[in-house]
Amino acid sequence: MDVRVEGQMVEAGDSVASTLRKALSGKRFKAVVAACGASGELLDLHAPLPAGCDALTPVFGEDPRGLELIRHSAAHVMAAAVKRLFPEARVTIGPAIDNGFYYDFAVARPFSSEDFPAIEAEMRRIVDARQPFVRREMGKAEAVEFFRAAGESYKVEIVEGIEGDTVSLYTCGEFTDLCRGPHVPDTGFVRASKLMSVAGAYWRGDEKNAMLSRIYGTAFADEKALGAYLQQLEEARRRDHRKLGKDLRLFSFREDVAPGMVFWLPKGMLVRTILEDFWRREHLRRGYELVQGPQMLRVETWMKSGHYDNYRDNMYFSSIDEDAYGIKPMNCIAHMLIFGNELRSYRDLPQRYFELGVVHRHEKSGVLHGLLRVRQFTQDDAHILCMPEQLEEEILGVIHLVRDLMGLFGFEYKVAVSTRPEQSIGTDEAWEMATSALVGAVEKAGLPYTVNKGDGAFYGPKIDVRLLDCIGREWQCSTIQVDFTLPERFDLAYIGQDGGRHRPVMVHRAIMGSLERFIGILVEHYAGALPVWFAPEQARVLTVTGAGDAAAQELCARLKDAGIRVASDLRNEKLGFKVREAQVAKVPYVLVVGEKEAQEGGASVRLRSGENLGLKSVTEIAGLVRADAEEPFKQGGMCYSFS
RNA sequence: GCCCUUGUAGCUCAGUCGGUAGAGUGCAUCCUUGGUAAGGAUGAGGUCACCAGUUCAAUCCUGGUCAAGGGCUCCA
């Protein structure tokens, strides 16, 4: 029988490898890590050619599937090295993950990064030995016996949990591990790897179980790809909003005073204010109304809403005159009550309430992370109360708002629709109606989406939007949720055309999600070089010598009159020094005033890119800055300027 | 909460194999008036996170506490 390999037909060999060898050049064959069978399954190179197999695709290390194999095999190599150095360590699991792999070990003394050099050296020896990965099938009982004899109690537990009669084992050198496979042909393919960090991890991810010692590592097809990845990590560190926030004086944290809560410094607060102002205006333009509820509500209200039962552990409480109050972790209750404040007609619907609502949530201390995970934050929260037949239209409006906002910052994004989970309330009919409204809206908007089956909230289906920043990281921001419960619990109603009382449907949505978090993402996305429209300092006037002070102040005043956020640096320092400081502060426009400019008026303009535009008049400069600030709005159909 | 790492000047970090500490940067003052990424000098600034223990002596060793950072979702 003949087998198709990369477009040519070759005679089937005994093994996958021998078949491929007939079709590939020696050099290419050496780089193959595995093969993909006719039905898409991955095969070990050493494996016998499956019966009836009529096509094979070689998989290389650069291929995502090949890379995953390399990483999985790297986990085995690391485990083998650890077993050599620490024979008493018991192995547990070691999968490939997004950016590498890990392996969890049960050891008396947890590993630390100081153990890395020894482990890496041992790994190197194993890699250089080019030990083949040998697969073997074994009956379950036999496998249990094998691992019990080896003292690998965790493996025994895993084998016992596996369905079916046989399991597969892979051996490289003296190390044998339970593994589904496949693997790279030999350890030589794990030539570019690096151990990254250690962490504690619970057995099977359950905090009731024993704490294991996890070692994270990464591996690539070659040193070049590994180097590129390490460089990308370096780039991410360079963009870290916590560092940039400190350097650029945007915000600070005082762990001793208020852990997980932000102190907004003047520049950061200006950025926030501009974003808030823009966002409020945009909401007004799209038919939302601004509202605001109290910061704390009596505890009885939280009982009525269900938050006390379901969310109490994350809430802060206080008491006033012996009455218990809960500080709001969400804004929806006040919006419910605002709807219920008067009798509503179907003519009044939809009601769209928008609030930049400050909420408090008690996050566990270990999960706080700069602006991205805090305990007090501001949601760009809205609740739309509408008739069921308006639902799709309303959701479409929200999706358009998401699209326009993401476009404004140049974010790519991914949409996922989450459907009814096992545990949920509400009728099938309501779920069906809401889910089809969500799907219908996404389709009308022409957006590709995925479905997360059973991942909806217990009270309704939802759309989640994950944005991708400019270095490809994903962030969960926007969420659009349909909710049947709250209108029910608060007995909200409107009078329909028929004169009867009807229950409105509620859409809960946040686009930026948390303002704090969104600003953190923006800082990382732009690496601190914020676009002119919300840069806290759009321009800085620098003098060459003290003789330019008066002209600089005059220029500054005129630009301020033109609505430009400008500062001046009249310090007694050399120009090069001041230029550097402005550059480090990522100021978009640096305006230099020297003798020549003082005489002719205007300033010589240096951009953040380092480009020098030469002498420009005040009017020209104001025009440049303004045009730059308006640029991002050209695509979104939006329009905004802060003044 | 749990595991690993870390905690020294406003910031970034050295250092002391146990004898209470240093650099760069920033800040202040002075000199310097310099044309697009760092001019020079001088000075101020620290209960070495906190609490115990060991010791003649602890910032350093030991134990504990607090905080931060990396993880604790990826399942042979």
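From a predicted model like this one, the values you see are computed outputs, not experimental measurements. Below, chain A is the first sequence line, B the second, and so on; all start at residue 1. No hydrogens, no waters, no symmetry mates; every other heavy atom, side chains included, goes into these values.
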Query raised in the report: Does a salt bridge link A/Arg136 with A/Glu142, judged by any charged N lying under 4.0 Å from a carboxylate O?
Result: no
Query raised in the report: Just to confirm, is there a sub-4.0 Å distance from OP1 or OP2 of B/rC72 to any side-chain nitrogen or oxygen of A/Tyr216?
Result: yes
Query raised in the report: Reckon A/Lys578 touches a base, only the sugar-phosphate, or nothing at all at heavy-atom distances under 4.0 Å?
Result: nothing
Query raised in the report: In terms of side-chain heavy atoms of A/Leu178, which of B/rG39, B/rA76, B/rG35 is nearest?
Result: B/rA76
Query raised in the report: Which nucleotide, B/rC72, B/rG35, B/rA38, lies nearest any side-chain atom of A/Arg580?
Result: B/rA38
Query raised in the report: Is any side-chain N or O of A/Glu597 under 3.5 Å from a base N or O of B/rG35, one able to act as donor and the other as acceptor?
Result: yes
Query - Worked verdict on A/Asp44 versus A/Tyr170 for side-chain hydrogen bond (donor to acceptor under 3.5 Å, both in side chains) - result: CA-CA 11 Å; A/Asp44 275 316; A/Tyr170 277 80; 2.3 Å; yes
Requested in this report: Taking only the side-chain heavy atoms of A/Val592 (C-beta and beyond), determine which of B/rA76, B/rU36, B/rC27 contains the nearest atom.
Outcome: B/rU36
Query - Euclidean distance for P, B/rU42 against B/rG26 (whole angstrom) - result: 16 Å
Report summary line: Closest of B/rG35, B/rC72, B/rA76 to the A/Ala201 side chain is B/rC72
Query raised in the report: Partner of B/rC2 by Watson-Crick or G-U wobble geometry, both contacts under 3.5 Å, or none?
Result: B/rG71
**Report entry** Residues A/Arg580, A/Glu573: salt bridge by 4.0 Å N-O rule
**Finding:** no
Requested in this report: Would you mind classifying the nucleic acid contact of A/Gly546 as base, sugar-phosphate or nothing, using non-hydrogen atoms under 4.0 angstrom?
Outcome: base
Requested in this report: Please report, rounded to the nearest Å, how far the P atom of B/rA38 is from the CD atom of A/Glu581.
Outcome: 11 Å
**Report entry** Closest-nucleotide ordering on RNA chain B, the 5'-leading residue of A/Glu573 and A/Gly594
**Finding:** A/Gly594
Report task. Could you work out which one of B/rG70, B/rA76, B/rC72 sits closest to the side chain of A/Ser197? Result -> B/rG70
Query raised in the report: Rounded to whole angstrom units, what separation is found between the CD1 atom of A/Ile93 and the C1' atom of B/rC75?
Result: 4 Å
Requested in this report: Could you please name the partner base of B/rG7, counting Watson-Crick and G-U wobble pairs only when both distances are under 3.5 Å?
Outcome: B/rC66
Query raised in the report: Where the side chain of A/Phe577 is defined as all heavy atoms beyond and including C-beta, which of B/rC75, B/rG35, B/rG39 is the nearest nucleotide?
Result: B/rG39
Requested in this report: Using whole Å, report how far CG of A/Asp104 lies from C1' of B/rC74.
Outcome: 11 Å
**Report entry** Base B/rU36 to side chain A/Ser604, donor-acceptor N/O within 3.5 Å cut-off
**Finding:** yes
Requested in this report: Give the C-alpha distance, both sets of side-chain angles, the deciding distance and a yes or no for side-chain contact (heavy atoms from CB on, under 4.5 Å) between A/His307 and A/Asn314.
Outcome: CA-CA 10 Å; A/His307 286 87; A/Asn314 285 302; over 6 Å; no
Query - Sugar-phosphate only, base, or nothing, as touched by A/Ser168 at under 4.0 Å among non-hydrogen atoms - result: base
**Report entry** N or O in side chain of A/Arg242 less than 4.0 angstrom from B/rG70 OP1/OP2
**Finding:** yes
Requested in this report: Evaluate ring-ring contact (aromatic ring centres under 6.0 Å, His included) for A/Tyr103 paired with A/Phe105, printing each intermediate quantity in order.
Outcome: CA-CA 7 Å; A/Tyr103 211 112; A/Phe105 302 93; 5.0 Å; yes
Report summary line: Taken to the nearest whole Å, CG/A/Asp569 to P/B/rG26 is 13 Å
Query - A/Arg249 CZ: over 12 foreign heavy atoms closer than 6.0 Å - result: no
**Report entry** Spacing of the P atoms in B/rU54 and B/rG15 (rounded, Å)
**Finding:** 30 Å
Query raised in the report: Counting any heavy atom closer than 4.0 Å, what does A/Ile97 reach on the DNA or RNA strands: base, sugar-phosphate only, or nothing?
Result: base
Requested in this report: State the pairing partner of B/rA38; accept Watson-Crick or G-U wobble contacts with both distances under 3.5 Å, and report none otherwise.
Outcome: none
Requested in this report: Could you check how far CG of A/Asn314 sits from P of B/rG1, rounded to whole Å?
Outcome: 14 Å
Query raised in the report: Under 4.0 angstrom, heavy atoms only, what part of the nucleic acid is A/Val590 near: base, sugar-phosphate, or nothing?
Result: nothing
Query raised in the report: Could you give the CH2-to-P distance, from A/Trp203 to B/rC72, as a whole number of Å?
Result: 17 Å
Requested in this report: Please state whether the phosphate of B/rU12, meaning OP1 or OP2, lies under 4.0 angstrom from any side-chain nitrogen or oxygen of A/Lys246.
Outcome: yes
Report summary line: Residue pair A/Arg180/A/Gly370 against RNA chain B: nearer the 5' end by closest nucleotide is A/Gly370
Query raised in the report: If you look at every strand shown and take non-hydrogen atoms under 4.0 Å, does A/Phe111 touch a base, only sugar-phosphate, or nothing?
Result: sugar-phosphate
Requested in this report: Ignoring the backbone of A/Val544, work out which of B/rG34, B/rC74, B/rA76 is nearest its side chain.
Outcome: B/rG34
Report task. Find the partner of B/rC27: check Watson-Crick (N1-N3 plus N6-O4 or O6-N4) and G-U wobble (N1-O2, O6-N3) distances, both under 3.5 Å, and reply none if neither fits. Result -> B/rG43
Report task. Run the salt-bridge test on A/Lys83 and A/Glu174 with the 4.0 Å N-O cut-off and return the result as yes or no. Result -> no
Query - Euclidean distance, atom NE2 of residue A/His369 to atom P of B/rG70 [Å, nearest integer] - result: 5 Å
Query raised in the report: So, is A/Arg606 near the phosphate of B/rA37, with a side-chain N or O under 4.0 Å from OP1 or OP2?
Result: yes
Query raised in the report: Out of B/rC2, B/rA76, B/rC27, which nucleotide sits closest to the side chain of A/Tyr202?
Result: B/rC2
Query - A/Val579, nearest nucleotide to its side chain (from B/rU36, B/rU12, B/rG39) - result: B/rU36
